[in-house]
Amino acid sequence: MDLFIEDGAYTTVASACAMLMVLSLLFSSSLAIWSASRAGDVQVSADAAALAGENVVSSYYTAATVLDACVLSLGLAGFTMTGAGMVGLFVPGGQALARETLDVAARVFDMRNSFASSASGGLKRVEGSLPFLVAANAARTCDAQGSGGAGYRGTAFAVPAASASEFPALEGEGIDTEGLEQACGGLEEAAAELARISEEVATRREEAWLADCGAPGRNMQERVGRLSGVSAAENPDFASSVTWDPEFALRRARAYYRWRYDNDKSEGNGVEARADAAARRAFYRYALGCLEDARVVDDGKEAYTTLEFLPRNGDEVRQTRLYTEEVWPTSMEASGPTLHFDESCPGARGAPGARASLASLDGGSTLECPTCRFGVDDLGRAPAASTSIDNGFEYHLRAFTKALREYLEARGRQNDAEAAARGDAERAADAFDQAITVLGGKRPRIAPPGRFGCVSFVVSSDRATPDALDTSFVASSDMSRRGAIAAAVLAPDGISEGDDVLSGFFSSLQERVGSDGVVGLMDGVMDLWGKLLVSYGDAGQGLEGAFDEAMRNLDGQGLGSVGNWLGDRLTGVVRSLDMQPVDMRPRKPVLVDSADVLARSDVPALADAQAALRELSKVDLDFEGMARAVGYDLGERLTSLEIVLAEVRLPSGRVVPITLRVRDLLGGREMGDAGT
């Protein structure tokens with residue numbers, strides 16, 4: 001102690017030893033700090049490599065989602081067009097456009113099936129290459145990390161290395177539309193027959209309307225106004241057969257004959273004039289009775305009328321109850337019972353007898369009055385003139401009765417055609433229901449290599465100690481290789497950008513293929529496909545919206561009962577389709593504890609990560625060699641910079657390839673256009 005302390009104070013030796021100790025500790029600490037800093041740089045490089053590897057998996061998720069969205073939306077577009085075409089077959093005059101719509105829908109289904117087949121192969125090729133792409137992107141990131149004389153070499157491994165993806169829509173046999181096409185063929189024939197008969201019905205209805213009030217010049221409505229005092233309320237006019245109903249004509253005729261019966265007067269005091277007046281009143285009474293009993297039945301099941309043709313001459317009078325009803329007065333004359341037009345007939349001199357019919361004259365049981373000579377011919381002359389020329393009401397009434405009967409006969413055939421078309425519509429709707437169920441159910445399970453994460457192994461190059469730290473105060477040597485392990489997994493981002501990705505992809509595709517304009521009953525295949533594609537996240541809601549819009553465009557165009565029923569049935573099928581929403585949030589790589597990822601690895605050599613890292617640090621290998629060193633088979637290296645994911649065969653026959661650029665995938669770019 002005397003060497004260090006003398007007389008209570010530190011000696012020169014003590015001071016020198018203290019200074020030497022401080023300098024040794026200072027340089028030792030500096031070397032330790034520098035060594036620890038270099039080791040931290042290795043960990044940063046490992047973290048970056050793990051994130052870069054998992055970023056490739058993220059890009060694959062985007063590509064797979066876009067392809068499934070394309071396949072699903074094409075199928076939905078095909079069914080939307082098919083539904084519009086089926087219902088459109090019942091639009092008057094729209095059969096040609098409906099047929100075109102169905103033809104294009106069939107080509108869309110072919111387009112969807114071929115796209116699904118090519119997409120399935122493309123995704124399998126990409127999934128088979130993902131371990132290599134993950135490793136290559138991580139290795140490239142490691143190479144880019146070196147600076148200041150330090151270099152890093154490493155790679156990342158996808159965990160697991162095997163795929164478990166399931167793409168039902170892509171791997172299935174496609175949408176079988178054979179039964180649907182056959183049903184649509186039968187529906188088209190039934191709709192065409194119904195359209196033909198419906199056109200005839202419309203023509204017959206118009207003819208009846210023309211006779212009643214539609215014909216220019218003279219018609220029932222015009223004649224009633226000229227020949228009677230019937231009010232305008234009982235004698236309405238209708239500008240179209242669409243708003244007109246046969247019942248209006250019957251009411252008009254009843255009002256006319258009621259007025260004529262109540263207001264008809266003899267045109268003179270002579271016997272002949274009074275006999276003619278009696279004949280007219282009898283005819284008016286008979287006509288009013290016929291019209292009061294007349295009915296028009298058209299309830300969708302039956303179509304007929306009880307309206308009879310009024311007699312126009314004596315022969316036709318004999319075929320009515322005018323001939324047989326016993327309403328005419330008789331008198332007991334010397335020659336026998338004699339029939340008169342009225343009790344006031346001058347020839348009625350004998351005692352009044354029983355009422356008799358006109359048929360009794362022809363049968364001989366009563367005699368003709370020699371004074372009034374009233375008989376069947378007198379009654380037949382009452383409507384003869386007004387039925388023969390168009391200035392008479394009966395002329396137009398007879399034309400209306402004929403047209404009404406023909407209209408109702410056509411309506412009966414229309415009812416039969418509607419029943420047949422309803423049966424074909426039910427079969428077509430069942431086929432539609434059966435075919436569209438292929439699109440229902442769960443969406444694809446995207447589970448590529450790396451779905452549980454990526455593990456990176458990075459080692460640094462040897463590095464000499466800086467000259468400033470190489471002193472006699474601390475023994476130093478060149479720094480040996482350092483190693484680090486990191487892991488990353490995919491986590492969904494909180495903001496959904498899936499619609500933007502799909503919208504961008506479709507916009508780029510549309511720039512390449514252009515717009516197809518109006519197709520049949522639709523605005524265009526590409527426009528419809530785009531709407532359904534962007535709504536992929538909630539495809540069921542998107543389909544309902546597109547289908548409802550198509551049905552609204554057809555509604556109000558005279559679909560008829562069968563067309564309206566079919567539209568309601570198909571809308572119900574679409575709304576009952578089970579389509580689960582898809583999580584469209586983008587997946588971003590995040591760092592996690594490497595032990596959690598390594599525990600799920602399917603490569604045995606990665607079980608002891610520390611030992612694997614120590615082995616890798618002893619050799620100078622490229623990333624493929626590093627993979628082989630741990631028993632991780634990357635497979636055959638890709639030689640092409642692009643992979644054809646799928647081919648879009650447009651209805652026009654044009655083929656548009658959708659490619660995945662490997663350089664963009666390695667760079668972590670998401671699928672943003674039809675060439676990426």
Side-chain angles (χ1 to χ4, degrees), residues 1-52 138-157 454-488 590-599 605-623 625-626 629-630:
M1 293 298 295
D2 291 341
L3 293 174
F4 298 100
I5 300 175
E6 184 178 351
D7 297 331
Y10 291 108
T11 65
T12 301
V13 174
S15 298
C17 288
M19 292 176 66
L20 291 172
M21 183 63 70
V22 169
L23 290 173
S24 297
L25 290 173
L26 174 62
F27 284 101
S28 296
S29 298
S30 298
L31 182 61
I33 291 172
W34 178 82
S35 299
S37 177
R38 302 292 77 75
D41 291 344
V42 176
Q43 186 61 56
V44 172
S45 181
D47 291 345
L51 292 171
R140 188 181 66 166
T141 301
C142 285
D143 291 341
Q145 295 294 314
S147 63
Y152 303 99
R153 188 171 297 278
T155 189
F157 305 112
C454 288
V455 179
S456 64
F457 292 81
V458 177
V459 295
S460 67
S461 61
D462 293 332
R463 190 168 186 184
T465 304
D467 293 340
L469 297 179
D470 188 8
T471 68
S472 58
F473 293 101
V474 60
S476 63
S477 61
D478 291 343
M479 186 181 224
S480 62
R481 290 182 175 182
R482 298 285 189 250
I485 302 173
V590 295
L591 294 172
V592 295
D593 187 347
S594 58
D596 295 336
V597 178
L598 287 169
L606 295 179
D608 189 350
Q610 295 290 342
L613 182 61
R614 283 193 292 271
E615 290 298 323
L616 293 175
S617 66
K618 297 177 182 179
V619 293
D620 188 11
L621 300 173
D622 60 12
F623 77 95
M626 296 177 71
V630 297

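Reckoned from all heavy atoms, side chains included, excluding hydrogens, waters and symmetry mates.
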Where do F457 and V459 land on the side chain to side chain contact (heavy atoms under 4.5 Å, CB included) test, with the steps shown first? CA-CA 7 Å; F457 292 81; V459 295; over 6 Å; no
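Between A156 and A49, the closest heavy-atom pair is CB-O, 4.0 Å. In plain terms, the two heavy atoms of A46 and V458 that are nearest each other are CA-CG2, 3.5 Å. Closest non-hydrogen pair, A50 versus A488, comes out as O-CB, 3.6 Å. In this structure, A484 and Q43 approach most closely via the heavy-atom pair CB-OE1, 3.4 Å.
Residues forming a side chain to side chain contact (heavy atoms under 4.5 Å, CB included) with A487 (at least two apart in sequence, or on another chain): V455, V592, S594, V597. The side chain to side chain contact (heavy atoms under 4.5 Å, CB included) check on D596 picks up D593, with sequence neighbours excluded.
We find the CG-SG distance between L51 and C454 to be 9.5 Å, quoted to the nearest 0.5 Å.
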